[in-house]
Each structure stands twice: as C-alpha cells, then as structure tokens.
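These numbers come from the heavy atoms of this one structure, side chains and all, not from hydrogens, waters or symmetry mates.
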Amino acid sequence: AADKGSERFEIRLLELGVPLRPLPTRESVPLYNAIRSDVVQLLETEAKIKKLEGELRVLENRKASFLKQGGSGGG
C-alpha cells in the first residue's frame, strides 16, 4: 500500500510540474517541503472523499430498496 501511495504522490507532483528531486537550495527546500505537505493533504482528502462517496452510494441503494418494498419516506 505504501508503494501505491508514493506512486500516486509522485504522479501528482509531476502533474503539478514539481520535479521529484529538485536541486536543494536554501530557497527550494522549504518550498519543496511545503508543496509535499500540501500534496499529502490533497491525496488524503481525495481518499476520504472517495470513501464517503462509496458510503453515500450504499445508503442511496438502501433507500431505493426500502422505497421499492413499499416503505414510506416520511422523514
């Protein structure tokens, strides 16, 4: 799982035009660390959204099944 995560991380950096191994300078290191942190947060947020969308689909399916069986939506 860690390999898949770091692969997604590297792909996202490349999509953003960020080199994977920039030349370390006094200016580039803090900027690189900041963007790495932001990309990690982005990937975590995307994973949470995906999980919640899956949970929503399950609930929507339960609701549809309930209504199909003649349940009332009174609530």
Side-chain angles (χ1 to χ4, degrees):
D3 289 336
K4 193 175 194 178
S6 71
E7 183 179 322
R8 281 195 313 257
F9 176 79
E10 289 180 358
I11 289 169
R12 189 52 58 96
L13 283 179
L14 293 172
E15 287 173 351
L16 294 169
V18 178
L20 297 180
R21 310 279 183 270
L23 181 65
T25 66
R26 186 173 295 175
E27 186 178 290
S28 70
V29 169
L31 293 172
Y32 187 71
N33 289 338
I35 198 162
R36 283 174 50 99
S37 174
D38 291 344
V39 168
V40 167
Q41 279 188 298
L42 174 64
L43 292 172
E44 289 173 350
T45 302
E46 288 173 343
K48 288 177 187 175
I49 289 170
K50 187 175 182 179
K51 180 182 178 206
L52 289 172
E53 286 173 339
E55 291 176 12
L56 179 60
R57 278 191 300 277
V58 167
L59 293 173
E60 288 171 340
N61 289 338
R62 281 187 195 164
K63 179 182 174 183
S65 177
F66 178 73
L67 293 176
K68 201 182 288 184
Q69 294 174 9
S72 71

Could you tell me which non-hydrogen atom of [X] sits nearest to which non-hydrogen atom of [Y], and how far apart they are?
| X | Y | answer |
| --- | --- | --- |
| Pro30 | Thr25 | CD-O, 4.4 Å |
| Leu23 | Ser28 | O-OG, 2.8 Å |
| Phe9 | Leu43 | CA-CD1, 3.6 Å |

Does atom CD of Glu55 have more than 12 heavy-atom neighbours from other groups under 6.0 Å away?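 Counting neighbours around CD of Glu55, more than 12 heavy atoms of other residues, nucleotides or ligands fall under 6.0 Å, so yes.
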Are Leu13 and Leu31 connected, step by step, through hydrophobic side chains (Ile, Leu, Val, Met, Phe, Trp, Tyr) whose heavy atoms are closer than 4.5 Å?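 Hydrophobic grouping puts Leu13 apart from Leu31.
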Among the clusters formed by ILVMFWY side chains lying less than 4.5 Å apart, do Val39 and Ile11 turn up in the same one?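 They do not share one cluster, since no chain of ILVMFWY contacts under 4.5 Å joins Val39 to Ile11.
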How many angstroms lie between CG in Leu42 and CG in Leu16, if you round to the nearest 0.5 Å?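 Between atom CG of Leu42 and atom CG of Leu16 there are 7.5 Å.
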Distance from Leu56 atom CG to Ile49 atom CD1, nearest 0.5 Å?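 That separation rounds to 12.5 Å.
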Can you find a heavy atom in the side chain of Asp3 that is under 4.5 Å from one in the side chain of Glu7?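 Counting from C-beta outward, Asp3 and Glu7 never come under 4.5 Å.
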Does Gln41 offer a backbone N or O that forms a donor-acceptor pair with the side chain of Thr45 under 3.5 Å?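 The answer is yes, because a donor-acceptor pair under 3.5 Å joins these two groups.
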Between Arg12 and Glu15, is there a side-chain N and carboxylate O pair less than 4.0 Å apart?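 Salt bridge between Arg12 and Glu15, a charged N being under 4.0 Å from a carboxylate O: yes.
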Using side chain to side chain contact (heavy atoms under 4.5 Å, CB included) as the criterion, point out the one residue from Gln69, Arg62, Lys68 that pairs with Ser65.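 For Ser65, the side chain to side chain contact (heavy atoms under 4.5 Å, CB included) check succeeds only for Gln69.
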